[in-house]
Amino acid sequence: MRPHVPRTRRLRRISSTWNRLPLRLRLVAGFAAAMLVVLTAAGAFVYLRVQYALDLRLNEDLSAQAAQLVGNIGAGGAPAVSPGTSYQLLDVNNRVVAASPGLTGTSLLRPDQTTTALHHPLRADRGDLFPISSHTLRLYAVPVHPGVAPSAGDAVVAVLAVRRDQRDEALRELIAQLTLANLAALAVASFVGYRLARAALAPVERYRTEAARIAAGATGVRLAVTTESHDEVARLGHTLNTMLAALETALDRERRFVNDASHELRTPLTLLSAELELALRRPRTTAELEQTVKAAAADTADLIRLADALLTVGVQPDQANADEVNLGRLVTDVIARYQVTAGHSRLTLHTQAALPVRGDPTRLDQVITNLLDNAVRHGASPITVTADRTADVILLTVHDGGLGMDPDFLPRAAERFSRADTARSTPGTGLGLSLVDAIVSAHHGELRICSHGAHYSTTDRFDVGCDHPATGTTITVLIGAAHTHGQAPPAP
């Protein structure tokens with residue numbers, strides 16, 4: 001005896017088997033099932049219409065023959081019907097009183113049918129469409145004397161019968177033809193559907209093959225997307241190509257970052273190792289050891305600052321807090337602290353009182369500090385810091401009157417470890433602007449670098465023009481203003 005399998009488990013097995021089938025086969029199977037339902041419904045409709053027409057013709061003929069038969073009996077004449085039609089006259093006990101040749105035996109009606117026919121006409125069939133039989137009849141029974149009390153032995157019900165051979169044969173032939181036609185239509189539709197599904201999914205298979213090559217390590221490979229089609233598959237191919245280009249760009253950027261970071265870290269680590277090795281080669285005085293420890297501590301501090309900058313550059317957009325920050329007050333506080341700690345009094349500040357933005361005050365503090373460091377270290381007086389608002393955009397601008405940057409260097413100024421030739425002789429790691437760009441991007445903002453009439457923007461989030469002196473270097477940070485009254489900020 002086979003073990004009982006729960007219904008839910010059987011359904012899961014069927015679903016698992018169905019999901020393992022190729023997509024084109026599932027599409028064709030679904031299409032074929034839908035076509036089968038449509039063709040079956042259409043065939044059933046045609047069959048019922050033809051059956052109704054044939055039955056209507058038989059019923060009309062029987063009604064005419066019944067009226068003629070009852071009329072003859074009422075006039076006292078002999079019962080008579082047309083050729084091809086037979087009759088029986090029944091009494092109240094369902095016995096045959098008179099009949100056509102061949103129908104003199106038992107009644108064609110059951111007793112309950114005879115009782116019904118005493119009061120109103122009755123239609124009935126003997127024999128089914130299937131299996132095929134030679135004794136199929138359409139019966140029509142009517143009362144002989146409506147409204148008259150029946151007497152024993154008198155004919156009270158007239159039954160007319162006509163053979164259904166031709167009608168049944170026509171319906172059987174129709175069923176056979178409809179079945180063959182529907183099967184042929186289903187086969188053709190399934191074949192065409194399979195070819196169409198295969199043609200539609202062929203680009204997807206090509207995409208899969210090329211993606212497998214890319215996953216195996218191939219570089220510079222793009223999906224072969226036809227330019228003649230603009231359907232969903234073609235749009236998917238274009239989107240995947242864009243994604244592949246973005247991934248390669250990100251991979252190249254990270255590879256350069258790793259190379260640059262290893263280069264930048266190697267120098268202080270080498271110096272630190274050399275200093276410690278030299279200190280251990282021979283006995284040292286206390287003053288010499290103290291000097292060596294101080295130098296090692298300075299190199300360690302440089303490593304800590306470099307590591308902190310590298311970690312900050314990797315900040316992700318979802319790490320920005322949603323606190324509301326008054327950027328005007330933050331700029332004022334940072335500049336005041338900067339002037340005290342750095343000893344610079346050549347900074348000019350122009351800011352509004354209320355410049356609300358949503359973000360992380362610590363990260364925004366780093367943005368302002370790095371921009372000031374760059375202006376003081378690589379620029380010249382006058383240095384002007386401006387915090388202003390235009391519509392729904394907060395602008396932070398730092399301008400210095402130095403020699404400026406080479407226009408060709410502007411697109412690379414915000415890259416990691418990127419330094420202009422004129423800045424290589426000054427202290428720094430080349431992470432300042434890249435750190436600013438990472439934090440601004442995390443706050444869904446925009447960074448602009450302008451120098452000597454050349455302009456470069458990391459993104460095009462805001463439709464705000466540049467307004468700054470034509471000489472020197474101007475770095476502008478644009479961040480969407482915070483909406484504090486339930487209003488949604490503008491879409492980035």
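Since we're looking at a predicted model, the values are computed, not measured.
Contact detail for V398 and A375: the closest heavy-atom pair is CG1-CB, 3.9 Å. The two residues P361 and V325 have their closest heavy-atom pair at CD-CG2, 3.9 Å. The minimum heavy-atom distance linking A199 with P203 is given by the pair O-CD, 3.4 Å. Nearest heavy-atom pair, S451 versus T473, reported as atom, atom and distance to 0.1 Å: OG-OG1, 3.6 Å. Contact detail for T351 and T332: the closest heavy-atom pair is CG2-OG1, 3.7 Å. A pairwise comparison of heavy atoms in L54 and A170 identifies CD1-CB, 4.0 Å as the closest pair.
Crowding of R123 atom CZ: a count of heavy atoms from other residues, nucleotides or ligands under 6.0 Å exceeding 12. The number of heavy-atom neighbours closer than 6.0 Å to CZ of F130, taken from other residues, nucleotides and ligands shown, is above 12. Heavy-atom contacts from other residues, nucleotides or ligands closer than 6.0 Å to CZ of R172 number more than 12. Atom CZ of R57 sits in a sparse spot, with 12 or fewer heavy atoms from other residues, nucleotides or ligands closer than 6.0 Å. Atom CZ of F191 has 12 or fewer neighbouring heavy atoms from other residues, nucleotides or ligands inside a 6.0 Å radius.
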| said: Go through it in stages, so that I can follow the logic: the residues are L180 and Q177, the test is side-chain contact (heavy atoms from CB on, under 4.5 Å), and I'd like the CA-CA distance, side-chain angles, deciding distance and then a yes or no. | reply: CA-CA 5 Å; L180 292 177; Q177 292 178 0; 5.9 Å; no

| query | Please walk me through it: do L129 and I175 pass side-chain contact (heavy atoms from CB on, under 4.5 Å)? | reply | CA-CA 11 Å; L129 186 63; I175 291 175; 4.0 Å; yes

| message | Walk me through whether L247 and L251 qualify under side-chain contact (heavy atoms from CB on, under 4.5 Å). | response | CA-CA 6 Å; L247 289 176; L251 182 61; over 6 Å; no

| side-chain contact (heavy atoms from CB on, under 4.5 Å) assessment of L171 paired with V50 | CA-CA 8 Å; L171 290 179; V50 173; 4.2 Å; yes

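The side-chain heavy atoms of S190 and M35, taken from C-beta on, include no pair separated by under 4.5 Å. Annotation: side chain of L364 is in contact with side chain of I479 (closest heavy-atom distance under 4.5 Å). Using a 4.5 Å heavy-atom threshold, the side chains of T397 and R448 count as separate.
Checked options L371, V367, V385; the residue passing with V331 is V385 (criterion: side-chain contact (heavy atoms from CB on, under 4.5 Å)).
The backbone N or O of D388 sits nowhere less than 3.5 Å from a side-chain atom of H350 that would complete a donor-acceptor pair. Counting only distance, with no hydrogens or angles, the side chain of N326 and the backbone of L355 share a donor-acceptor pair below 3.5 Å. Side-chain atoms of R389 come within 3.5 Å of backbone atoms of A391 as a donor-acceptor pair (strictly under, hydrogens ignored). Under the 3.5 Å distance criterion, the side-chain polar atoms of R461 are matched with a main-chain donor or acceptor of G445.
Residue T471 holds its OG1 atom at 5.0 Å from NE2 of H399, rounded to the nearest 0.5 Å. Between atom CG of residue L240 and atom CZ of residue R222 there is a gap of 11.0 Å, rounded to the nearest 0.5 Å. The distance from the CZ atom of F462 to the OG1 atom of T390 is 11.5 Å, given to the nearest 0.5 Å. In this structure, CD in E173 is found 10.0 Å from CG in L178, a value given to the nearest 0.5 Å. Remark: L447 CG to L396 CG distance equals 10.0 Å, nearest 0.5 Å. Put simply, CG on N374 and CE on M405 are 7.0 Å apart, with the number rounded to the nearest 0.5 Å.
Comment: R208 engages E205 in a salt bridge, judged by a side-chain N to carboxylate O separation of less than 4.0 angstrom. The residues D125 and R167 are annotated as not salt-bridged, no charged nitrogen and carboxylate oxygen being separated by less than 4.0 angstrom.
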